[in-house]
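Below you'll find the structure, written out as structure tokens, and then a few comments.
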Amino acid sequence: MREPGIRFLAGAEMKILPTIENAYLVIRDGKIDSYGEMKDCPSDQEENYIDATGKMVLPTWCDSHTHIVYAGNREGEFVDRINGKTYKEIADNGGGIVNSAKKLQSTTELDLYNQSKKRLEEVIQMGTGAVEIKSGYGLTKDAELKMLRVIKKLNAAYDLPIKATFLGAHAVPSDYKDNKQGYLDMLISEVLPIIAEEKLADYIDIFCETGYFTVEDTELIMKAGRSYGLAPKIHVNQFTSIGGVQIGVKYGALSVDHLEVMNQEDIEILKGTDTMPVALPSCSYFLSIPYTPAREMLDAGLPLALATDYNPGSTPSGNMNFVVSTACIKMKMTPEEALNAATINGAYAMGLEGEVGSITVGKRANFIITEPINSYGFLPYSFGRDHIESVYLDGNRQIFGF
Ligand code: NIG
Ligand code: FE
């Protein structure tokens, strides 16, 4: 639990996870009303009483980077990679993001909604209580808008807060193969105004990476986003360090995500800023690429958030429990650091730190009750399974029929 007003945690602060043993929690009107030691539990709380003896109550995961809305899957490319092809070779031969876009373009909005809601329900059951979802598998005006409308509908239909990010600049579509500038101009002059008009996005994103979009492209997109009030949350440093972190910081990005490849200057420039670095360990795991150097970053005093990157190409998994475990096992984060990174810091990376991310009076009653376990360290230690007994959003237990 935390006092109100905390935005995010950085460096050594992340080693501390305030807890109460033998505690009570009162929920009223979907919000956290009070909490404390059991001996101080108000005596008029007998209605809708849940006995959580031996169990733990923790805030739901805040997954600040996903691509949950997509069509079909890419297990064929997965097998190609097992057989020795690289992610880049597959993308260069018409696979990758462009492959997902082709599928999505020919999928109806209703079908896309139905495919995506299954994944959303799946991640809620695994303890996610706030999520960001990106477009970026449309790559045409109509298909990008279709994705964003699906995100909006999901937001209206489910109890968790959902933030939408416009990632039109995810890859250059084949129709614009030799005309990247034309594609960016189309996104800016034709798609962005409709997004603003229909309030379809909260943030703007771009894949700033060798072979995708340059630092100059990133600047152009962030400027355009800014003129419509969309703050940047950007994909940088996944395979190469080309200055994406620097340009993100310069434009006040809310977050810079991926960061598998970080040099000293990338770490330095983030110090003392409001930009949250976000690591995506499941992506590193699935693609066998380096893990974000979390230890180095935290020891340098930086904050860090953890997210899934749930998408059909680099991370076909939305399991935040696995993310937290993998951060501990592969990135040498302590359970306290990983839990903070997956809750309050993830909330900040979506602009939701006033609503979710901790057990705090006045925040939404989005919380997990675990199975009986002896310590929270057991959660990341016992990897591959979640140990979640129930999930509550706005005080309502979430049960979906699978
Ligand atoms: O975040 N890096 C860019 N985009 C996605 C993966 C895209 C894909 O392969 O479909 C990511 O990893
Ligand atoms: Fe991503």
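Computed from a predicted structure; not experimentally measured. One-based numbering, in listed order, for ligands and for the atoms of each. Along the sequence shown, residues are numbered consecutively beginning with 1. All heavy atoms count here, side chains included; hydrogens, waters and symmetry mates do not.
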Who's the nearest protein heavy-atom neighbour of [atom], and how far?
atom                    : answer
atom 10 (O) of ligand 1 : Tyr137 OH, 2.6 Å
atom 12 (O) of ligand 1 : Ser314 OG, 2.6 Å
atom 11 (C) of ligand 1 : Asp309 OD2, 3.1 Å

Any salt bridge between [X] and [Y], counting N to O under 4.0 Å?
X      : Y      : answer
Glu109 : Lys153 : yes
Asp205 : Lys233 : no
Lys146 : Glu144 : no
Lys15  : Glu337 : yes
Glu268 : Lys271 : yes

What about [X] and [Y], are their ring centers closer than 6.0 Å?
X      : Y      : value
Tyr392 : Phe367 : yes
Phe378 : His387 : yes
Tyr87  : Phe239 : yes

Is ligand 1 under 4.0 Å from a heavy atom in the side chain of Gln238, in the backbone, in both, or in neither?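 Side chain only; the backbone of Gln238 stays clear of ligand 1.
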Give the numbers and elements of all ligand 1 atoms closer than 4.0 Å to a heavy atom of [X].
X      : value
Asn311 : 5 (C), 6 (C), 8 (C), 10 (O), 11 (C), 12 (O)
Gly313 : 8 (C), 9 (O), 10 (O)
Ile97  : 7 (C), 8 (C), 10 (O)

Look up atom CE in Met14 and atom CD in Glu336, then write down how far apart they are to the nearest 0.5 Å.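 Nearest 0.5 Å value for the CE-CD distance: 10.5 Å.
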From Met276 CE over to Asn345 CG, what is the distance, rounded to the nearest 0.5 angstrom? 3.5 Å
Identity of the nearest option to atom 9 (O) of ligand 1, non-hydrogen atoms only, from Tyr87, Phe207, Phe239, Phe286: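 Comparing heavy atoms across Tyr87, Phe207, Phe239, Phe286, the nearest one to atom 9 (O) of ligand 1 lies in Tyr87.
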Which atom of His65 approaches the Fe ion (ligand 2) most closely (N/O/S):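 For His65, the N, O or S atom at the smallest distance from the Fe ion (ligand 2) is NE2.
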Tell me which N, O or S atom of His235 sits nearest to the Fe ion (ligand 2).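 For His235, the N/O/S atom sitting closest to the Fe ion (ligand 2) is NE2.
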Is ligand 1 less than 4.0 angstrom away from at least one heavy atom of [X]?
X      : answer
His170 : yes
Tyr70  : no
Tyr212 : no

Can you tell me if an N/O/S atom from Cys283 lies under 2.8 Å from the Fe ion (ligand 2)? no
Is His258 close enough that one of its N/O/S atoms sits under 2.8 Å from the Fe ion (ligand 2)?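 It does not: His258 brings no N, O or S atom closer than 2.8 Å to the Fe ion (ligand 2).
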Between OD1 of Asp309 and NE2 of His67, what angle is found at the Fe ion (ligand 2), rounded to 10 degrees? 90°
I want to know if ligand 1 touches Ser100 in the polar sense, i.e. an N/O pair below 3.5 angstrom.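 No; every N/O pair is 3.5 Å or more apart.
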Count the heavy atoms belonging to other residues, nucleotides or ligands that lie under 6.0 Å from CG of Asn374, then report whether that count exceeds 12. no
